[in-house]
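Here is the structure we will look at, set down as structure tokens.
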Amino acid sequence: MLDKNGIAQRIAQELEDGYYVNLGIGIPTLVANYIPQGVDVEFQSENGILGMGPFPLEGDEDADLINAGKQTITAMLGAVYFDSATSFAMIRGQHVQLTVLGAMEVSQNGDIANWKIPGRMVKGMGGAMDLVASAENIIVAMMHTNKRGESKLLADCSLPLTGVGCVKKVVTNLATIEITDGAFHLLERAPGVTVDEIVAATAGKLVVPDEVPEMKL
Amino acid sequence: MLDKNGIAQRIAQELEDGYYVNLGIGIPTLVANYIPQGVDVEFQSENGILGMGPFPLEGDEDADLINAGKQTITAMLGAVYFDSATSFAMIRGQHVQLTVLGAMEVSQNGDIANWKIPGRMVKGMGGAMDLVASAENIIVAMMHTNKRGESKLLADCSLPLTGVGCVKKVVTNLATIEITDGAFHLLERAPGVTVDEIVAATAGKLVVPDEVPEMKL
Amino acid sequence: MALNKVVANVEEACAGIQSGMTLMLGGFGLCGIPENSIAQLVKMGVNNLTCISNNAGVDDFGLGLLLQGRQIKKMISSYVGENDEFERQMLSGELEVDLIPQGSLAERCRAGGAGIPAFFTPAGYGTEVGEGKEVREFNGKPHILETALTADYAIVKAWKGDTAGNLIFKATARNFNPMMAMAGKITIAEVEELVPVGELDPNQIHTPGIFVQRIFQGERYEKRIEQRTVRPRA
Amino acid sequence: MALNKVVANVEEACAGIQSGMTLMLGGFGLCGIPENSIAQLVKMGVNNLTCISNNAGVDDFGLGLLLQGRQIKKMISSYVGENDEFERQMLSGELEVDLIPQGSLAERCRAGGAGIPAFFTPAGYGTEVGEGKEVREFNGKPHILETALTADYAIVKAWKGDTAGNLIFKATARNFNPMMAMAGKITIAEVEELVPVGELDPNQIHTPGIFVQRIFQGERYEKRIEQRTVRPRA
């Protein structure tokens, strides 16, 4: 079973040299810590920076330099600042090769719900709806089940949608799953996790091949 | 009767302090020579400059600094350069207070034709269609009649239109004319020109008030 | 000669803003917000405002200050609720909230300033955001029609500005400010440093002065950090 | 680490461009045109090209060079015919010409790069340009629906660029270059000066490198002036 860092580490394997990548808040942010050797990528933050670097050293923080999570950050060599319209032109125009974000629910046809729980305070979708509607390559990073032990991989999302038919891959604490043809397809087991455990934790239609290799981290 | 410079001089009286102004090619360009005392305006050229100045001194011309007529120009203090999308955002978004352009024909409901003569080589509309469709305040600068002596102020344009119902005022070698309620309204006579001469040279519906003052230049 | 957009102070800059008006306010979180103008709006006591701003500040800073005084009737934002008072007013029904995807918000402001009354975007299709909106397929993908946003006053904050209203923003404090500057019937720019015309490179202006009607140098900037995150020094 | 977009030379930059493709070429008149790439296209002899460019050059410079070799099948422009060969080919029917209002051309390129498949504009309503296009009223004013433009390759020319593909243009040579850079499936940038990453101020980039796939320093720039207009010195 993977912890949050493990999920991030597995997703980092999807990074290819030359990618521009947008990382959501939470587990996705951790992906930046596991960039494979020899792979150059640049991180975009939708509030207006390309070439986002690590958090600043204590005392170096600049109120005018933050990421989409409102955290103080630094800029890498070659970074660029731009306005919000240009930022979402990059996103909507599919210039960002990979988007990684968290989710509350994902459905077997790739729908995603991650912005609103009816009856609870609604904080808004921020840039999530633009990201999921536009990106060609979206990976969801999340726990396989919620705090009540219920599957987050469903036949249909029960929560209000963020986007329709957009998620291509999900990496959870239990498995790597691809979404095609209206079904979840099991690609890999997390270390020490059995296929039965994954089947039990997946509510939507799950296609299980004969051989399910264990993830290599 | 006015010459081209006279027409420009009369139009320059329409400039108000604080205006951003787009001047078309030909007579409109001359308007810049007659800015009234105490009136500050800035000229926009739609290829990407605000704060356009006069032609450069011999030897100072810069291939990277031209106007929409492709002429070498200079930049005033406080000038700004921008891309074509931003330039037409200014125009389409009605941030430019006054547009002056030439025309082949104007109709009594404010239609304008100035880009195409069927059977002749078509060079294109450039920015003219955006300008006339967007500007709140459009003044046409032209001769009252064409080279064959035919009126250019018509009931309906005979040439392909550049824009519909957009011209508010026309200044010609003979008169200042306002367009409202589907008719030309005679405001002023050019020096030495009689009302009868104007009536004779105007093919469209012309409303003539009892008193038609002579222009003051 | 370059036009002069300078007003004496924040009072003069905000003159004319009235209760019931629609305002755009630049900034993302607390980054790049027009601090001085917000303080002045509190002082003026205008209310029933519709505020278009990506976020709604925190309890004691940014738009949170206007919420404290119940000056806002409606918020049009992409992400809100970083403050308790907002949540209280929203849940009690005192405050209307219209949530818009961040990219659509940015593009709708740009469209408002650029004379584009409507455009198609894929963002929000199949979600609550798309409800009641026209759907059309382009290249096999459904899109929804979104309309332009404009405001009676747009209030933006820049790093440097000149007397002609030309603006330069700093780093990610740029965010929504340039688009909102375009979309205000009257645009007020407060700047950290107001310089004479000619001091800014004409090639390096982010917002041309044509979009700015009033400019002034803010008296004081707190520039509060919402999420201070740092690495320890070795 | 910043991505590296540098290619060795114009040959490598233009590799992959084939006959029948759609190209966008930056520039307004002869100002800000990708001179080196155009020369290379002549050398490559690709033909049946659809060229999206505001203008079509003059007889012996700019896109006129491609016209001489009959390499262009169709021009999509706002203003053309500054050269005799263009006129000859157009009148003889050898060359298709699609004329688009300049602002719509700019906005359609931007839309193509920004994932906006279509938008409404007032430009061209009631004219030939509006024929066959959807008309809709907004705020009492009729608008027409215009669609996005994209290209197999966009070829732009900048003043300075860094190895990550970040670009800065000079003065009015900026014109269509930034929008076209956004709208190319592959975007080639030729620059007068190629600098190491980090030398350009991140706050002052006109075109972020994300829009550029290949960058190189042009060998030589003639930068011809189309209409030299000067005032005599005293």
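Residue numbers begin at 1 in each chain, while the letters A, B, ... track the order of the sequences. What you see is a predicted model; the values in this text were computed from it and never measured. Heavy atoms only: backbone and side chains are in, while hydrogens, waters and symmetry mates are out.
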Residue part contacting chain D, namely of Asn67(B), when any heavy atom lies under 4.5 Å: backbone
pair Asn54(D)-Ser84(B): side-chain heavy atoms closer than 4.5 Å: no
Most contacts with chain D, counted as non-hydrogen pairs under 4.5 angstrom, among Glu46(B), Lys116(B), Glu61(B): Glu61(B)
Over 12 foreign heavy atoms within 6.0 Å of NZ, Lys123(B): yes
Close side-chain approach of Arg92(B) to Pro122(D), heavy-atom, < 4.5 Å: yes
Within-4.5 Å side-chain heavy-atom neighbours: Glu82(D) and Lys70(B): yes
Within-4.5 Å side-chain heavy-atom neighbours: Trp115(B) and Leu99(D): yes
Check: Gln102(D) and Phe88(B) side chains under 4.5 Å, non-hydrogen atoms: yes
Part of Leu105(D) within contact of chain B (heavy atom distance under 4.5 Å): neither
Min side-chain heavy-atom separation Thr72(B)-Ile225(D) under 4.5 Å: yes
Worked verdict on Met125(B) versus Ile100(D) for side-chain contact (heavy atoms from CB on, under 4.5 Å): CA-CA 7 Å; Met125(B) 67 294 282; Ile100(D) 296 179; 5.6 Å; no
Flag if over 12 foreign heavy atoms under 6.0 Å of CZ, Arg233(D): yes
Side chain to side chain, Leu161(B) and Glu128(D), heavy atoms closer than 4.5 Å: no
Contacting region of Phe169(D) [heavy-atom separation from chain B under 4.5 Å]: neither
Among Asn175(D), Leu30(D), Thr229(D), Thr172(D), the one residue meeting side-chain contact (heavy atoms from CB on, under 4.5 Å) with Ile66(B): Thr172(D)
Over 12 foreign heavy atoms within 6.0 Å of CD, Glu219(D): no
Among the listed options Pro101(D), Ser77(D), Pro142(D), Ala123(D), the residue most often paired with chain B at heavy-atom distances under 4.5 Å: Pro101(D)
Choice from Arg110(D), Arg228(D), Glu107(D) maximising heavy atom contacts with chain B below 4.5 Å: Arg228(D)
Nearest heavy atoms of Ala85(B) and Ala106(D), plus distance in Å: N-CB, 3.8 Å
Heavy-atom contact with chain D under 4.5 Å, split by part of Leu65(B): both
Part of Glu222(D) within contact of chain B (heavy atom distance under 4.5 Å): neither
Residue part contacting chain B, namely of Pro178(D), when any heavy atom lies under 4.5 Å: side chain
Neighbour count above 12 (heavy atom, 6.0 Å) for Tyr153(D) OH: yes
Residues Asn47(B), Phe28(D); criterion side-chain contact (heavy atoms from CB on, under 4.5 Å); working and verdict: CA-CA 7 Å; Asn47(B) 59 313; Phe28(D) 177 88; 3.8 Å; yes
Winner by heavy-atom pair count (cut-off under 4.5 Å) against chain B, out of Met90(D), His206(D), Arg224(D), Lys223(D): Lys223(D)
From CG (Asp83(B)) to CZ (Arg174(D)), nearest 0.5 Å: 6.5 Å
pair Trp159(D)-Asp64(B): side-chain heavy atoms closer than 4.5 Å: no
Top contributor to chain D interface from Ala128(B), Ala89(B), Pro54(B) [non-hydrogen pairs under 4.5 Å]: Pro54(B)
More than 12 heavy atoms from other groups under 6.0 Å of NZ on Lys4(B): no
Over all atoms of both residues, closest heavy-atom pair of Asp130(B) and Ser104(D): OD1-N, 3.2 Å
Side chain, backbone, both or neither of Thr86(B) within contact of chain D (heavy atoms, under 4.5 Å): neither
Per-residue contact mode, Val122(B) against chain D (heavy atom under 4.5 angstrom): both
Heavy-atom pair count under 4.5 Å with chain D, highest-scoring of Thr74(B), Ile49(B), Asp60(B): Asp60(B)
Selection from Gly126(B), Ala133(B), Ala63(B), Gly127(B) maximising heavy-atom pairs under 4.5 Å formed with chain D: Gly126(B)
